Peer 1: 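Here you go, one structure.
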Amino acid sequence: MITCPIFFCAYIKAMAKIRYIEHNGKEHLVEVQNGLTVMEGAVQNDIPGIDADCGGSMSCATCHVYVKEDWYDKLPKKDMGEDDMLDQAYEPNSKSRLSCQIMVSDDLEGLSVYMPEKQV
Amino acid sequence: MIKTDVVIIGAGPTGLFCAHQLGIIGLKCEIVDNLDKLGGQCIELYPDKPIYDIPAVPECTGEELTNNLIKQIKPFKFNFHLNDRVQELTNKDDNWIVTTTSGKKFQTPNVVIAGGVGSFEPRKFPTKSAEKFDGTSVLYSIKDKTIFKDKSVAIFGGGDSALDWAIELSNSSKVSLIHRRDEFRGAPASVKKIKELSKKSIINLFTKYSIKDVKGNGTLEEIEIKSEEGESKTIKADYVLGFFGLIMQLGPIADWGLNLDKKTIPVNTENFETNKKGIFAIGDICTYPGKLKLILSGFHEGALAARGCFKYARPNEKYRFEFTTASSTIKNRLGLK
């Protein structure tokens, strides 16, 4: 466990603000700790629209989000297999990602993700 | 009507190990699963992926784990009811009447729901218009391929099912294959074959397209597909096949009057009973403070739920805890001398 208070402060500060936009337009702006995934950020903050049935093992396609063009290109590239899973998502397009595969870091400060109409 | 001590819903690792624990304490059970094989998510989602957190098993695949669990319960000779789904649970005196989609009925004092995230079902087309043709000309699996002879068939998807059927049906049908991107996840040999057939105009290949509309008056006549840029095309089709993989749906479980928390069932941690007497929930589908979605947690939950089942199955007997290393009764049950 983290016991050093100075380290602890530094640790909890490492967050990025992520904006989750539901299909109906409702926005949720939350701070997600670095190292978590965008999916975990949604689940831990009870944001509706991301199911994450498989818990982040890239075995389902129920944490599907759309990322706007400018951000899409800035994100780390998709790993092998992510597009294969996205084939099985609800209405995927060329800006689709699985949010369990997007790791939060300082670089993602201000990222907006859009939820599809539904996940299943 | 099949009478038994316990009906287990779900033949994933948790359901299988719960069956083992029931066998050890001398109870009978019947196991129902929607899939056509045992193993649940381990087999359907990640048969080849190594798992590293099974106690005392440093590394094994989903398939190996499943095979070992099946081997472990073999001595008890339990019945499996595969390709079937529990549809209804009704209360009768101190028993539950369990009815499956195929019409099987069980009478049992205990039901253990080990249903993972629900049952696996094919992902369907998002278009509303496809619904009215569902099961007639819009299909998600093929039972009889002869119906497609000399017909126009539009196949959607980029995996092995889509590619294999496109190749197979192109022998005697007019096949269009539509996929949302240029790459296919199917086997490279099939992808090569598809490209050859497309070059020879035997298959009409449309990549970077998805479904927009399904049209027809009574019978299906044509479909409209769209590109991401908004361009659309109309294709003549007598049948539409969608192969988008499987999704997990809670399904009828939601209608049984159980308390639900999102897609999970709250249970106590003493014996994993739900708010309904004699209905237990274990594995990924149950929730309680501190719940971990690990296979090992499912094993623990199954062991305790089995003891919970004992008191309803044998109301006049007192459950006696025994070790497999020491008990001759257990060794008999395992068929050991």
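Both backbone and side-chain heavy atoms feed into the values below; hydrogens, waters and symmetry mates do not. This one's a predicted model, so the numbers in the text were calculated from it and none came from an experiment. Proteins come first, then strands; the chains are lettered A, B, ... in the order of their sequence lines, and each starts at number 1.
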Peer 1: Find the one option among A/Gly55, A/Pro92, A/Ser57 whose heavy-atom pairs under 4.5 Å with chain B are most numerous.
Peer 2: A/Pro92
Peer 1: Name the option with the most non-hydrogen atom pairs under 4.5 Å to chain B; the candidates are A/Asp83, A/Thr62, A/Asp53.
Peer 2: A/Asp83
Peer 1: Between B/Lys124 and chain A, with a heavy-atom cut-off of 4.5 Å, which part of the residue counts as in contact: side chain, backbone, both or neither?
Peer 2: neither
Peer 1: In terms of ring plane angle, is the pair B/Phe156 and B/Phe125 parallel, tilted or perpendicular, where the classes change at 30° and 60°?
Peer 2: perpendicular
Peer 1: Is the B/Phe206 to B/His179 ring centre distance short of 6.0 Å?
Peer 2: no
Peer 1: Say whether, by atom type as modelled, one donor and one acceptor occur between the side chain of A/Tyr90 and the main chain of B/Arg123 under 3.5 angstrom.
Peer 2: no
Peer 1: Side chain from CB out, backbone as N, CA, C, O: work out which of these in B/Gln249 comes under 4.5 Å of a heavy atom of chain A, or both, or neither.
Peer 2: side chain
Peer 1: If the threshold is 4.0 Å, N to carboxylate O, is there a salt bridge linking B/Glu224 and B/Lys226?
Peer 2: no
Peer 1: Taking only Lys NZ, Arg NE, NH1 and NH2, and the carboxylate oxygens of Asp or Glu, determine whether B/Lys263 and A/Asp51 approach each other closer than 4.0 Å.
Peer 2: yes
Peer 1: Which bit of A/Glu117 comes within less than 4.5 Å of chain B, counting heavy atoms only: side chain, backbone, both or neither?
Peer 2: neither
